[in-house]
Amino acid sequence: MSDTDSHFSALRMGQGEMGGSSDGGSDDNIDWNTEDEIEIEKYPVSCCSREAAGPSNTKLFDHFVGMGFSEKLVSRAINENGQENTDLILESLLTYAAIEDSPQEQQIGIVLSVCDNASSDYEENLLDDSSDFDSDSDSEGIYNPSSEEKKMTFLTEMGYTMNEASIAMERCGADASEAELADFICAHQMSKAEDALLPEEKPLPWLSVDDFRKSKKRKFLRYDSCKRNTIRDKKPMCEDDEPIRLPNPMVGFGLPTDSCSQLTHRNLPEPAIGPPYFYYENVALAPKGVWDTISRFLYDVEPEFVDSKYFCACARKRGYVHNLPIHNRCPLRPIPPLTISEALPMTKRWWPNWDTRTKLNCIQTCVGSAKLTERIRKALEDYDGEPPLYIQNYVLNECRKWNLVWVGRNKLAPLEPDEVEMLLGFPRNHTRGGGISRTDRYKSLGNSFQVDTVAYHLSVLKDLYPGGISLLSLFSGIGGAEVALYRLGIPLKNVVSVEISEVNRTIVRCWWDQTNQKGNLIDFADIQQFTAEKLEQLISAVGGFDLVVGGSPCNNLAGSNRYHRDGLEGKESSLFYHYFRVLDLVKSIMSKDQ
DNA sequence: CTTACGATGAAAGGATTA
DNA sequence: TAATCCTTTCATCGTAAG
């Protein structure tokens with residue numbers, strides 16, 4: 001591939017050239033351009049000026065700086081949006097950010113274009129600090145007009161119409177902040193268009209190049225009139241952009257079992273096409289708008305939603321965004337038991353016929369207590385045969401809530417850790433020993449991949465990389481991706497693993513050692529400290545990554561979270577942006593390197 | 001310090017019914 | 001179509017006991 005900058009973003013490296021110790025790719029020749037000729041689109045940077053004022057909220061400030069945005073932009077975004085709405089701040093950063101060329105600080109600028117100007121030269125816009133990039137004298141700039149114009153521009157750039165913007169400014173007064181104005185419009189739209197959200201049909205899981213371009217324009221350049229019947233999430237999503245809906249049944253691009261309904265081909269948006277391949281995972285049932293944002297960041301790739309109940313005996317509804325081929329997938333062998341009674345034969349004997357479950361619900365991080373099962377036992381032992389309906393309902397509700405299984409007469413129990421390991425496709429005792437407590441095992445397992453499901457998606461790599469792959473594994477956890485690849489028989493040449501939990505790192509390290517891996521495992525703790533320099537060093541040492549996998553924290557997305565289901569901007573779940581940051585760095589470095 | 005336990009609902013989607 | 005019901009959900013926090 002020619003020297004291509006990442007479409008979605010561009011970044012400047014501190015070091016000019018990277019060590020050229022390798023060819024930057026794998027020894028296998030992967031043809032990344034099988035579909036179409038890749039056209040390199042060059043998006044110009046919108047004009048920006050620098051804000052002098054410093055942030056007043058250092059925590060918020062650090063948060064965004066930690067994501068990789070430059071301090072200058074963060075402080076400006078906070079100044080303009082206030083500190084309340086982190087969504088707006090982030091969108092501002094992403095929409096208006098500019099390249100900062102600061103070698104010492106290794107700052108990363110993320111560029112999102114607001115213009116579709118195919119003829120303009122990207123390089124022209126990569127201006128140095130000394131240029132009018134920082135200048136306030138740029139009369140065409142959108143940041144130095146009067147505050148009213150500024151707000152108007154801001155709102156229209158956010159995807160609102162001029163009409164909406166002016167109404168909002170009228171209603172909210174001259175000194176309303178952009179955030180307030182945006183909220184006003186949002187609320188207004190919500191109230192007037194509550195009903196019309198239901199798209200006739202789920203959008204196709206692929207987009208043609210033209211569709212993609214149009215959607216880009218729609219998303220970032222909307223000055224045209226507002227369409228009726230739209231609703232916006234908190235995100236400044238384009239109004240006619242249909243929100244992503246979950247498929248029913250949740251079978252992704254098709255299951256191994258029914259080959260007739262499988263999709264074997266899709267067109268990826270150009271910027272999504274690798275290298276590297278990437279694979280991102282998170283909970284399917286996230287708050288509204290979250291998957292739209294995730295998809296938008298990950299190069300507009302349509303997520304694939306799959307429930308692992310089609311791959312094993314327990315449910316696990318997850319969304320996956322990846323740029324892998326989807327033809328010639330094959331399931332991991334042996335096929336695991338698909339029902340509770342097959343997976344846990346001992347339970348069959350005690351399973352009452354009024355408990356009609358054949359699949360377990362999602363395995364979570366907490367398990368039912370001994371006290372609970374004792375209460376249930378006492379409630380049941382008063383009855384000889386079938387308990388009355390209300391008892392049945394009580395018991396069944398608890399069973400479903402806590403994933404209890406029958407282990408004796410009137411005796412229910414939560415799954416044992418080794419049973420969870422088996423259900424999720426890990427080797428027995430994968431998480432056992434080495435000073436790891438039972439609670440930690442449940443926690444780590446509950447946060448993990450379902451190996452068979454992931455392996456099915458990754459199976460296409462086997463033919464592509466017969467010599468093995470180099471893997472960048474972010475949020476590795478207990479190594480679900482590594483285990484999946486290993487069980488697929490794909491040699492692991494180099495694995496760079498980033499995982500915050502020491503317990504999990506220990507688990508992966510032990511597994512690595514005891515499976516006699518031939519490759520190298522290098523691990524890091526904190527993705528926030530995983531800098532561009534480190535990555536560059538690794539890439540030049542390892543020769544590029546073939547695959548970047550990661551499932552970022554779901555804490556603030558998961559339905560079980562009563563306290564901080566804050567969406568993508570939540571404390572832990574916002575680490576998603578680091579997945580994007582690192583992936584985009586890899587993309588950029590590798591494209592430069594070629 | 002660790003571990004176990006109970007209390008803490010909402011949001012979203014699907015299914016059913018009116 | 002709209003209202004209603006039903007089900008599911010990679011969790012967190014404070015407390016008590018060891």
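Note on naming: letters A, B, ... go to the chains in the order of the sequence lines (proteins, then strands), and numbering restarts at 1 for each one. Keep in mind that the numbers below use all heavy atoms, side chains included, and drop hydrogens, waters and symmetry copies. All values reported here derive from a predicted model rather than from experimental measurement.
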From the list [options], which nucleotide is the closest neighbour of the side chain of [X]?
X        : options               : answer
A:Arg438 : B:dA4, B:dA11, C:dC10 : B:dA4
A:Thr439 : B:dG13, C:dC10, B:dA4 : B:dA4
A:Asn361 : B:dG6, C:dT12, C:dT8  : C:dT8
A:Asn561 : B:dG6, C:dA11, C:dC10 : C:dA11
A:Ala370 : B:dC5, C:dT12, B:dG14 : B:dC5
A:Val283 : C:dT8, B:dT8, C:dC10  : C:dC10

What stem regions, each of at least 3 consecutive Watson-Crick or G-U pairs below 3.5 Å, can be found for DNA chain C?
B:1-8 with C:11-18, B:10-18 with C:1-9

For the pair [X] and [Y], find out whether any cationic side-chain nitrogen is under 4.0 Å from an anionic carboxylate oxygen.
X        : Y        : answer
A:Arg438 : A:Glu416 : yes
A:Glu499 : A:Arg505 : no
A:Lys371 : A:Glu398 : no
A:Asp523 : A:Arg509 : yes

Considering every strand and a 4.0 Å limit on heavy-atom distances, what is the contact class for [X]: base, sugar-phosphate, or nothing?
X        : answer
A:Asn555 : sugar-phosphate
A:Ser308 : nothing
A:Arg316 : base

Could you state the [atom1]-[atom2] distance from [X] to [N], rounded to the nearest angstrom?
X        : N      : atom1 : atom2 : answer
A:Lys401 : C:dT7  : NZ    : C1'   : 12 Å
A:His564 : B:dA10 : NE2   : P     : 16 Å
A:Leu285 : C:dT8  : CG    : P     : 12 Å
A:Asp566 : B:dA10 : CG    : C1'   : 13 Å
A:Ile294 : C:dC10 : CD1   : C1'   : 13 Å
A:Tyr442 : C:dC10 : OH    : C1'   : 16 Å
A:Trp402 : C:dC10 : CH2   : C1'   : 14 Å
A:Asn447 : C:dA11 : CG    : P     : 7 Å

Does [X] have a side-chain nitrogen or oxygen under 4.0 Å from the phosphate oxygens OP1 or OP2 of [N]?
X        : N      : answer
A:Lys288 : B:dG13 : yes
A:Gln364 : C:dA11 : yes
A:Asn248 : B:dA15 : yes
A:Ser560 : C:dT9  : no
A:Arg375 : B:dG6  : yes
A:Arg441 : B:dT3  : no

Taking for each residue the nucleotide of DNA chain B with the nearest heavy atom, is it A:Lys371 or A:Ser437 whose nucleotide lies nearer the 5' end?
A:Ser437

On DNA chain B, nearest-nucleotide positions of A:Ile436 versus A:Ala558: which is more 5'?
A:Ile436

Do A:Tyr280 and A:Asn282 meet the criterion of a side-chain donor-acceptor pair at a distance under 3.5 Å?
yes

In whole angstrom, give me the gap between the P atoms of B:dT8 and C:dT8.
22 Å

Whole-angstrom distance between C:dT7 and B:dG9, as gauged at atom C1':
14 Å

Kindly assign one of parallel, tilted or perpendicular to the pair A:His457 and A:Tyr320, based on the angle between their ring planes and the thresholds 30° and 60°.
perpendicular

Please work out whether the ring planes of A:Phe580 and A:Phe297 are parallel, tilted or perpendicular, with thresholds of 30° and 60°.
perpendicular

May I ask you to check whether A:Trp291 and A:Phe305 place their ring centres under 6.0 Å from each other?
yes

Of A:Cys366 and A:Lys317, whose closest DNA chain C nucleotide lies nearer the 5' terminus?
A:Lys317

Quick one: the side chain of A:Arg562 and the base of C:dC13, do they pair up donor-acceptor inside 3.5 Å?
no

Closest non-hydrogen atoms of A:Thr347 and A:Leu344, given as atom of the first, atom of the second and distance, are OG1-O, 2.7 Å

